[in-house]
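Heavy-atom basis, side chains included; hydrogens, waters and symmetry copies ignored. Lettering follows sequence order; numbering is per chain, from 1.
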Number of protein chains: 2
Amino acid sequence: MCSYRKGTERLRYLSYWKAEAMVTKGEEFQSSQDALLSENELKYIQEQIGGSFDWPTLTDVGGRYSEEEKFKVAIPPSPTSSLPSAEEWDGPYDFQLLVNTMNANKKTWLHSSSLNKIFIDVNKSIPLQFKINCPDDGEAFFIRALPVYTISQHMTYPVNRCPLHLKEDESKGLASQNHVVRCEDFRALYECDEESKRYSVVTPLGCPQPGSDVVTLMYSFACKSSCCGGMNRRPVMVIFTLEKDNLVVGRKTMNFRVCSCPKRDKEKEEKSALEEKLQNNPGKKPMEAQNQKESSMNCIQGAAHYREILRYLIMLKNAEYLETGSQEALSAKEEYEGLCLNGGRATFDPQYIKLVLMRYYYHDMRYIIYKCDFENLILKIL
Amino acid sequence: MCSYRKGTERLRYLSYWKAEAMVTKGEEFQSSQDALLSENELKYIQEQIGGSFDWPTLTDVGGRYSEEEKFKVAIPPSPTSSLPSAEEWDGPYDFQLLVNTMNANKKTWLHSSSLNKIFIDVNKSIPLQFKINCPDDGEAFFIRALPVYTISQHMTYPVNRCPLHLKEDESKGLASQNHVVRCEDFRALYECDEESKRYSVVTPLGCPQPGSDVVTLMYSFACKSSCCGGMNRRPVMVIFTLEKDNLVVGRKTMNFRVCSCPKRDKEKEEKSALEEKLQNNPGKKPMEAQNQKESSMNCIQGAAHYREILRYLIMLKNAEYLETGSQEALSAKEEYEGLCLNGGRATFDPQYIKLVLMRYYYHDMRYIIYKCDFENLILKIL
DNA sequence: AAACATGTTT
DNA sequence: AAACATGTTT
Ligand SMILES: [Zn+2]
Ligand SMILES: [Zn+2]
């Protein structure tokens, strides 16, 4: 893991430093805010890295230890969290994603390298090639494919199938039922993140065929980008994470458009991207899907989780009030305190709540691990 | 009831004549074919009326009489059967449907008299006016609104809501949940025909406001004509039946298009209808929705019902074979006999099965009434 | 209301 | 592939 960039390493160190200090002192965290970095610490870290970063994924290993041995610990979002990282990262194994354009089936899919985008028919498969620098160890690696909306306003919502296509597939009772992204490999595992409600498919990478240094996996999409009540015309990308021992060790992304006329739509998007580039004319952006019916309720899943976010907002608003004396901040704080008490929900501006969630998830504390796992983790990282 | 047209009266007489003869002889029908008119009788009747006709609606009055008193009797399709009549009929009460164009809310709905069609936004209400020649007796009458696909290929399928809009409304748990056509009257009753699976809404007509001779009811549509997995771009009409004592005593129809741009679409349809008329150019018909996913399974609901239709087909094919010696008819007959035995289903050509169903429902026998009800009925009709 | 987006029919 | 149909965005 010597290829971690400097900023990322420093951030990891800083966050764990705070958590470790508390664990060392034998304190059990009372809430997710106990181990939060201060505003100044956050500011400093953001300057250092200027982007998203990676944490190792830890899951509850339930039942191995007694209750007394449990610790609440600062654990980062998993690759399927509400706001997963979409930063390209070759990682220690020089992870690469390749699209062999020779294979392009002009009828069913096309790749635009200028847009880093694949245009594909619904339910048609596309071969994607994955490469690492130790192909013979392929059986130890997994490829996770996770669809995510690319426009910031929708990014925190999971990508779900539309009611119509879901209904058509319900009777089949397949594990892939709720998944837009499918991998046509018999070892593919269809996962749902209970926290974020995101669906992803995880496939063992395996070793290349003799004479080849890449592994080819077939992917398909079970809904169109335009499906009403599903992606509803919102552009999506797929985040492909390379995973080993439950850690993310590489990441690649690809934009996708699942549509009826891949050729027409690719040409149109390329043309308008070119025009915008030539004229440097930001006034003629492509239309953006609006009026989505994902209730802002769904934006924050679960009553307990929602309360946690509210408490975080109360803290932020209180800090703002103490610092600036803003009456608006004070009344917002009081409103949130009321909601906390009576279990109500506020209607947040999506852009605002997105920023709040971004900050909140930087300090995600919602996982429980066991003391020895935590100690091993600290040893690995420091 | 003296205003029944001659052809209808004669047909009614003929069909009941056959049923009455059997009842008189004390025979209990063994199957729905026992009281069928012969091919020649049918031919004669069709020449006489050249269209659809009305029967009184009778329902099972269950439990009033002992089992021995029950009779199976030839009863016509109800107004919500699989192939309901769509013939305009003023009836004995001079039933009229009026659209007051003065009320037209240019933003949400428009009426085209040349097309007998209303173009309307989804979930927006339109006032429709109903008139009878005895408005003071209005409380004894009901208006039933039943949506039906206008293109013959889809006519026998019930009009259902799409999965998306259904899902949005499911949590509300309203009686109107599955209904595309809504009546905004607190006395409106939402019915589902268990046999045909058609949804209709029945509203008491009531008496006109003082000084008026019409009753106004507000209707709205909870899905668009274009809804995927629902009407799916197939044109629909609404059949408004005037009902009294469970009998249909008048019928009016109106075409509807539930869409996002009523004005644009009305102008376009009127223009293309005019062009077609002027040029008498049948080559440039508007596009027809195709590729519907309603399984032909759904076309005939229920295993027992399906078996009945199969037996009817066997009879038809056998008659055809005996008359013409057609080997094709013979092998079709044998195929259907096999399906009857093993409970299988054939894949019928939709156009063909539509014609078969049409003939079958002309002789609908699936209702049970009691002897005295039957005798009263005969007395009324003869 | 005009322009656009995007699935379907021809 | 071109023309059309029809919901959305500007
Ligand atoms: Zn879909
Ligand atoms: Zn709908």
Taking the nucleotide of DNA chain D with the closest heavy atom to each, which residue, A/Asn291 or B/Glu269, is nearer the 5' end? B/Glu269

Would you say a side-chain N or O of B/Lys224 is under 4.0 Å from OP1 or OP2 of D/dT8? yes

Please give, in whole Å, the distance from D/dG7 P to A/Met231 CE? 20 Å

Would you list the atom pairs, donor with acceptor, under 3.5 Å between side chains in residues 231-240 of chain A and any protein atom, with sequence neighbours excluded?
residue, atom, partner, partner atom, Å
A/Asn232, ND2, A/Gln292, OE1, 3.0
A/Arg234, NE, A/Met231, O, 3.0
A/Arg234, NE, A/Gln292, OE1, 3.3
A/Arg234, NH1, A/Glu294, OE2, 3.2
A/Arg234, NH2, A/Tyr149, OH, 3.2
A/Arg234, NH2, A/Gly230, O, 3.0
A/Arg234, NH2, A/Glu294, OE2, 2.6

Measure the distance from CE on B/Met287 to P on C/dT9 and round it to the nearest whole Å. 8 Å

Check the distance between C/dT9's C1' and B/Asn232's CG and give it to me in whole angstrom. 13 Å

Indicate the ring-plane relationship of B/Phe256 and B/Phe221, choosing parallel, tilted or perpendicular according to the 30° and 60° boundaries. tilted

Presence of salt bridge, B/Arg251 and B/Glu88, under 4.0 angstrom: no

Return the value, rounded to whole Å, for the distance between atom CD1 of B/Ile151 and atom C1' of C/dT9. 13 Å

DNA chain C: B/Arg264 or A/Ser260, which has the more 5' nearest nucleotide? B/Arg264

Starting at CD of B/Glu267 and ending at P of C/dA2, how long is that distance when rounded to a whole Å? 10 Å

Of A/Arg264, A/Lys263, A/Lys271, the one forming a salt bridge (charged side-chain N to carboxylate O under 4.0 Å, His left out) with A/Glu267 is A/Lys263

Provide, to the nearest angstrom, the distance between the NZ atom belonging to A/Lys271 and the P atom belonging to C/dA5. 11 Å

Between C1' on D/dG7 and NZ on B/Lys124, what's the gap in Å once rounded to a whole number? 14 Å

Which nucleotide in the set D/dG7, C/dG7, C/dA3 lies at the smallest distance from any side-chain heavy atom of B/Ser226? D/dG7

With the side chain defined as heavy atoms from C-beta on, A/Lys263 is closest, among D/dT6, D/dA1, C/dA3, to D/dA1

Please tell me which of the listed nucleotides, C/dT8, D/dT9, D/dG7, lies nearest to the side chain of B/Asp265? D/dG7

Presence of salt bridge, A/Lys172 and A/Asp169, under 4.0 angstrom: yes

Which residue lies more 5' along DNA chain D, comparing A/Gln290 with B/Lys268 via nearest heavy atoms: B/Lys268

Rounded to the nearest Å, what distance is computed from the NZ atom of residue B/Lys107 to the C1' atom of nucleotide C/dA1? 11 Å

Mapping A/Arg233 and B/Ala289 to their closest nucleotides on DNA chain C, which lands nearer the 5' end? A/Arg233

